[in-house]
Amino acid sequence: MRNVNVYYGAFRAVKDVNLQIEARKITAIIGPSGCGKSTVIRCFNRMNELIPGARLTGEVLFHGKNIYDPDVDPVQVRRLIGMVFQKPNPFPKSIYENIAWGARINGYRGNMDELVEESLRQAALWDEVKDDLHKNALALSGGQQQRLCIARTIAVKPEIILMDEPCSALDPIATLKIEDLMRELARDYTIIIVTHNMQQAARVSDYTAFFTVDEDRAGIMVEYGPTNQIFTRPRDRRTEDYITGRFG
Ligand SMILES: Nc1ncnc2c1ncn2[C@@H]1O[C@H](COP(=O)(O)OP(=O)(O)OP(=O)(O)O)[C@@H](O)[C@H]1O
């Protein structure tokens, strides 16, 4: 991200963000409520464009190309940079179709059974559902539904997976499963996660970006670095206050 500002109408929600994401690492975005975490993560695949009144200035470079250039297709951007949401949102269709549908829309011509199996395996869900692929996805538990959403995202072969509070609707055991899965996926994918949960950021991420709210209510990035450094030797007083629980 280069000099990124995001406005909702006249309100500047995010101010002057410069952030370089590392490939095949997990980057956590943390900070108090309203500091713009969701707004920032949505910039990485042009999801803010779907919000009426939202506007971005600056650049988001992916392989050196600004994804906001007029000749870039947002649908293609969202295929390469997939997103998993707070609440698991499988389609009200079978487990199999949840994966096959997106792949088909994206023009997948290979063996669909293989793709479904491979995606479910990568999302650590295969063993639990392999005998029930034609069951409705909504009959799965919340944690299984979220892994299915991750499988669906992986099936279209993205390079980056964005996750906005992916565990906030899950119990602690399902949360740990998703965290283990994220570590597995980070071998092949670049992951960016928004989380309210600082322990989660400390457990799973390689890099952490701490955001806060400036005097004009705009979100700003205070500090970014290796997670270990941010949590043990923050350079900025505001980061220290937040991670030690004095603020937010
Ligand atoms: N669709 C919208 N229209 C107008 N203002 C918005 C919209 N979405 C977010 N905002 C405002 O932008 C700012 C940043 O919101 P955002 O949801 O990105 O913060 P956040 O850090 O993700 O918050 P939380 O941790 O509470 O989810 C807030 O002041 C919020 O009120």
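Whatever order the structure lists them in is the order used to number ligands and atoms, beginning at 1. The shown structure was predicted, so the numbers you read here are calculated from the model rather than taken from an experiment.
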Open item on the list: Does the protein place a non-hydrogen atom closer than 4.0 angstrom to atom 18 (O) of ligand 1?
Closed with: yes

TODO: Provide the number and element of each atom of ligand 1 under 4.0 Å from a heavy atom of H196.
DONE: 25 (O)

- [ ] Give the contacting part of T39 toward ligand 1: side chain, backbone, both or neither, where contact means a heavy-atom distance below 4.0 Å.
- [x] both

Task: Over all atoms of both residues, closest heavy-atom pair of I161 and T153 - done: CG2-CG2, 4.3 Å

Open item on the list: Using a 3.5 Å cut-off on N or O atoms only, is E165 in polar contact with ligand 1?
Closed with: no

Task: Closest candidate by heavy atom, reference atom 5 (N) of ligand 1, pool Y7, F11, Y8 - done: Y8

Task: Close side-chain approach of I178 and R147, heavy atoms under 4.5 Å - done: yes

Open item on the list: Show the atoms of ligand 1 that are less than 4.0 angstrom away from any heavy atom in I51.
Closed with: 1 (N)

TODO: State the atoms of ligand 1, each with its element, that fall below the 4.0 Å cut-off from a heavy-atom position in A13.
DONE: 12 (O), 13 (C)

TODO: Compute both the distance and the angle, then confirm whether R24 meets the cation-pi test with Y189: under 6.0 Å from the six-membered ring centre, within 45 degrees of the axis.
DONE: no

Task: R46 side chain to V77 backbone, donor-acceptor under 3.5 Å - done: no

Task: Polar proximity ligand 1 side, R217 side, N/O cut 3.5 Å exclusive - done: no

Task: F91 six-ring face occupied by R152 cation (under 6.0 Å, within 45°) - done: yes

Task: Side-chain donor/acceptor of D171 to backbone N/O of I173, under 3.5 Å - done: yes

- [ ] Report yes or no: does a heavy atom of G219 sit under 4.0 Å from some atom of ligand 1?
- [x] no

Task: is_close_aromatic(Y242, F210), centroid dist under 6.0 Å - done: yes

